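Reviewing the structure listed below.
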Amino acid sequence: MTRLSGYLLPTEKEAPADAEALSHKLMVRAGLVRQLAAGMWTYLPAGWRVHRKAAQIVREEMDAIGGQEMLMPVLQPAELWQRSGRYEIDELFKLKDRREADLVLAMTHEEALTFHMAREVRSYRDLPMILYHMQVKERDEPRPRAGLLRTREFVMKDSYSFDRDLGGLERSYERHVTAYDRMFDRSGLEWYRVEADVGMMGGLGGHEYMAPCAAGEDDVALSDTGYAANVEVARATAAPVEGLPAPAAEPQPVDTPGATTIEGVSGLLEVPAGALIKALPVMRGDGTPLLVVVRGDHRLNEIKLQNALGGPTRLATEGEIRDVFSAPPGYIGPVRAEVPVLADEALMAMRGLIAGANEEGRHLRGVEPGRDFEAEWADIRTVEAGDTCPGGATIRIEPAIEIAHIFKLGTRYSDPLNARFLDEEGKERHIWMGSYGLGPARMAAAAVEQFGDEKGISWPRSISPFDLHLVTLGQEGEEAREVADRLYDELRSLGLEVLYDDRDAGAGEKFADAELLGCPLRLTVGRRGLEKGEIEAQVRRGREKRPLALEGAATAAAELWRELP
RNA sequence: CGGGGCGUGGCGCAGUCUGGUAGCGCACUCGGCUGGGGGCCGAGCGGUCGCUGGUUCAAAUCCAGUCGCCCCGACCA
């Protein structure tokens, strides 16, 4: 029984003053969610229905690849995390119990499940295995934001695969790709599977599932040949620089007083920014200096740099630039540099470039990488719109929400937590693991972002809080009320989930609330239609209205509903 | 962590500069009208002005501290 007169659906005319993202505004306005504190959100009944529907799709597809659902605690002993090496992560909530024992609130469940599998798996005969749960995750985010898009507590479906070797892991991974592709197809979202950074912890590869939308926190590089990668790792051929100066037989000094930035130098010398060499002095983790150079119009990609070097770097301080790099800040360059040089591949084979001369107020023209300085080469820049993808098509960049992340862990956790088994030869081996996360709340928020309009939300059928929104404009005792009551029962007996707006409210208010909540199909029963023997159907997406004959209206509505996205 | 902004009934805001009876719209309650796009009339309920301390005869307003929330950036196994 879902009659709006007795249902907690507190809609608001105005969005919270501090909301920016569309999904934040609309989910609050539609009465789906309410904020408790920064990054902490309550799901009201209709909002929780959406979450449950998304979760159910995920559950069905996980079960379809042989996943076994279970449940693990959020509250965990610190010791497990100390053993895995993740105890020092800033985002990890740490606390003590009354006996002063150290505990944590889990941000994912690799430690817990690996702990169990280390005890339960003895033999290769116990493998492979896929286990999953849907459980709250806790993360002390530096900055929660945008409603449900980045919260400190959220439900995640996390699954873990356990295999005897890399080949097994690859197979388990592929099964997850299949399941995830199906989940997101079923969800009605627009989505991409993209190559993702595996971070320092992964190492064996991974993918992210991204839902493009304006409020997205990540940028995705896409092309018409199907190339799709997070810009953190995307690779592409740089667009050539137009208007390069002529090459020179050797570097020529040129006075550039006061020009310490790319804009300053390119303006002064009247050359495009791409004709310059941007030099970034960095210090490696072991304290050794490195001069990183990229094309003047390109941006250094710190993740790629970190992956290329196998460790993090930081920008050198002004003092270090003078002392270690022996150059005045603003005039550093790779020619006759006193430190090793790492150059971005986009600079390869370029001629006639301009670089800092390592002297105050002076640059060099006609620089050629390879001829005028030696360097290690690597792909360390961020790709840009207009670059060319490996398939030969033009790259475009779109913002997107990360709705899922899957990757191959290898023995990252089975090693420190001693999850091993005996193979056929009686040899002890580490279990190969994969981990696969997915946020149902982000699926919901992404759907709001992708399909919301000026009137409100427009849910895909599969995750809408209700299938149908039935509005009666009749008062108690009037025909339009009795017909709607009857229709409500008929629709439900056809297996549809119906929200019945039986409130004593004006037509405008009911219509506005229905469009705000965004069920895919709205049915209106009013005197005006009944006089013609009709009720009105409105498809939310597009808001097109059409009459349905009163006779057989429930069946006709059900058929119409089945055709909706 | 760096930068910016905001805390006044449930929501959205004014009042703060220039100290002196806390106000508006929406929502809510009651009565009446209306009944196909947030309708109308009337009468009401509801606020320690985030918190603590200070200045003052007097503080939403001035000062200090503190807490909370939002945005941009950094960060995001």
Side-chain angles (χ1 to χ4, degrees), chain A residues 10-21 24-25 28-29 31 34-41 81 84-93 104 106-111 137-147 149-152 154 156 158 196-203 206 208 215 217-218 230 232 302-303 306 312 314-315 401-402 405 407 409 412-413 416 435 437 439 455-456 471-481 484 501 503-516 522-532 534-536 538 543 545 547:
Chain A
T11 55
E12 299 284 348
K13 241 185 235 186
E14 291 176 276
D18 50 27
E20 293 284 327
H24 184 185
K25 291 179 184 173
V28 171
R29 285 191 56 211
R34 286 294 184 265
Q35 186 173 17
L36 191 61
M40 303 168 168
W41 288 83
W81 293 73
S84 72
R86 295 210 295 176
Y87 189 66
E88 303 308 323
I89 292 171
D90 289 334
E91 280 73 24
L92 185 65
F93 278 108
V104 306
M107 43 198 294
T108 59
H109 284 74
E110 281 86 355
E111 281 82 359
K137 303 290 177 279
E138 306 283 350
R139 296 185 185 182
D140 194 358
E141 291 284 351
R143 186 156 93 84
R145 62 176 289 274
L149 290 183
R150 181 166 291 276
T151 56
R152 293 196 284 180
F154 61 97
M156 180 190 272
D158 40 326
D197 178 46
V198 292
M200 297 302 290
M201 296 288 220
E208 287 168 332
E217 295 186 284
D218 292 273
N230 194 314
E232 290 174 350
E302 288 180 34
I303 291 173
Q306 182 165 328
R314 61 170 174 82
L315 278 178
I401 299 174
E402 179 189 337
H405 196 167
F407 55 98
L409 288 173
R412 163 70 184 83
Y413 293 90
S435 96
K455 295 288 184 180
V471 172
T472 179
L473 300 178
Q475 310 306 302
E476 206 64 56
E478 293 177 12
E479 188 194 9
R481 172 64 65 122
D501 191 347
R503 296 174 300 173
D504 180 19
E509 194 177 341
K510 291 189 175 190
F511 293 152
D513 276 350
E515 282 164 357
L516 181 56
R522 183 185 85 198
L523 299 180
T524 305
V525 182
R527 180 175 48 80
R528 210 184 274 176
L530 291 180
E531 282 167 1
K532 291 184 284 184
E534 292 170 355
I535 64 165
E536 179 197 271
Q538 186 213 43
R543 299 178 55 237
K545 296 172 186 170

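Please read these numbers as outputs of a predicted model, since none were measured by experiment. So that the names make sense, note that chain A is the first sequence line, chain B the second, and so on, each numbered from 1.
Although no hydrogens or angles enter the test, the distance criterion places a donor-acceptor pair under 3.5 Å between the side chain of A:R29 and the main chain of A:K13. In this structure, the side chain of A:R139 engages the main chain of A:M107 through a donor-acceptor pair within 3.5 Å. No donor-acceptor pair closer than 3.5 Å links the side chain of A:R34 to the backbone N or O of A:W41.
Spacing of P atoms, B:G38 relative to B:C76, comes out at 50 Å, to the nearest Å. B:C69 and B:A64 have their P atoms separated by 24 Å, with the value rounded to a whole Å. A distance of about 32 Å separates the C1' atoms of B:G53 and B:C11, rounded to the whole Å. When the P atom is used for both B:C17 and B:C72, the distance is 32 Å, rounded to whole Å. For B:U18 and B:U29, the C1' atoms lie 40 Å apart once the distance is rounded to whole Å. Straight-line distance between the P atoms of B:A22 and B:G46: roughly 15 Å, to the nearest whole Å. If you take atom P in B:G2 and the same atom in B:G65, they sit 16 Å apart, rounded to whole Å. Using P as the reference atom, B:A58 and B:U21 are 15 Å apart when rounded to the nearest Å.
Among residues two or more places apart in sequence or in another chain, the side-chain hydrogen bond (donor to acceptor under 3.5 Å, both in side chains) test is passed with A:E111 by A:S84, A:R86. Residues forming a side-chain contact (heavy atoms from CB on, under 4.5 Å) with A:A215 (at least two apart in sequence, or on another chain): A:A21, A:L149, A:E449. For A:E141, the side-chain hydrogen bond (donor to acceptor under 3.5 Å, both in side chains) partners at least two apart in sequence or on another chain are A:R150.
Residues A:T108 and A:E14 each lie close to RNA chain B; by heavy-atom proximity, the contact nearer the 5' end of the strand is made by A:E14.
One interatomic measurement links the two molecules: CD of A:E110 to C1' of B:A77, which rounds to 8 Å at whole-angstrom precision. Put simply, CD on A:E138 is 16 Å from C1' on B:C76, counting in whole angstrom units. Straight-line distance from the CZ atom of A:R412 to the P atom of B:A77: 13 Å, rounded to whole Å. We find that CG of A:D140 is positioned 12 Å from C1' of B:C76, with the value rounded to whole Å. The distance from atom OH of A:Y413 to atom P of B:A77 is 10 Å, rounded to the nearest whole Å. At whole-Å resolution of the value, NE2 in A:H405 and P in B:C76 are 13 Å apart. Whole-Å rounding puts the A:E141 CD to B:C75 C1' distance at 9 Å.
Of all nucleotides present, only B:G50 satisfies the Watson-Crick or G-U wobble test against B:U66, with each distance under 3.5 Å. Under the Watson-Crick and G-U wobble criteria, each requiring two contacts below 3.5 Å, nucleotide B:A74 is left unpaired. Using N1 to N3 plus N6-O4 or O6-N4 for Watson-Crick, or N1-O2 and O6-N3 for G-U wobble, each under 3.5 Å, B:A43 pairs with B:U29. Partner assigned to B:C57 is B:G20, using Watson-Crick or G-U wobble distances below 3.5 angstrom. Base-pair partner of B:G37: not found among the strands shown (Watson-Crick or G-U wobble, both distances under 3.5 Å).
Across all strands shown, A:E88 has no heavy atoms under 4.0 Å from either base or sugar-phosphate atoms. Contact annotation for A:P16: backbone-only contact, meaning every heavy-atom pair under 4.0 Å involves sugar-phosphate atoms and none involves a base.
By the 4.5 Å heavy-atom criterion applied to side chains, A:Q538 and A:E515 are counted as neighbours. Counting heavy atoms from C-beta on, the side chains of A:H405 and A:S435 never come closer than 4.5 Å. Contact of the A:E476 side chain with the A:R481 side chain is registered, since non-hydrogen atoms from C-beta on lie closer than 4.5 Å.
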Sort me out a list of protein N/O and nucleotides 40-44 of chain B N/O pairs below 3.5 Å, or just none if empty.
none

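Donor-acceptor pairing under 3.5 Å is lacking for the side chains of A:D158 and A:T108.
Here the CD atom belonging to A:Q475 is positioned 11.0 Å from the CZ atom belonging to A:R527, to the nearest 0.5 angstrom. Separating the OG1 atom in A:T472 from the NZ atom in A:K510 is a distance of 5.5 Å, to the nearest 0.5 Å.
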Checklist outcome for this item: Readout for nucleotides 28-39 of chain B: B = base within 4.0 Å of protein heavy atom, S = sugar-phosphate only, - = neither; 5' to 3' it is -------BBBB-
Next on the checklist: Does the protein touch nucleotides 65-72 of chain B at the base, only the backbone, or not at all? Give it as B, S and - per nucleotide, heavy atoms under 4.0 Å.
Outcome noted: ----SSBB
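Salt bridge status for A:R528 with A:E536: absent, with no side-chain N to carboxylate O gap under 4.0 Å.
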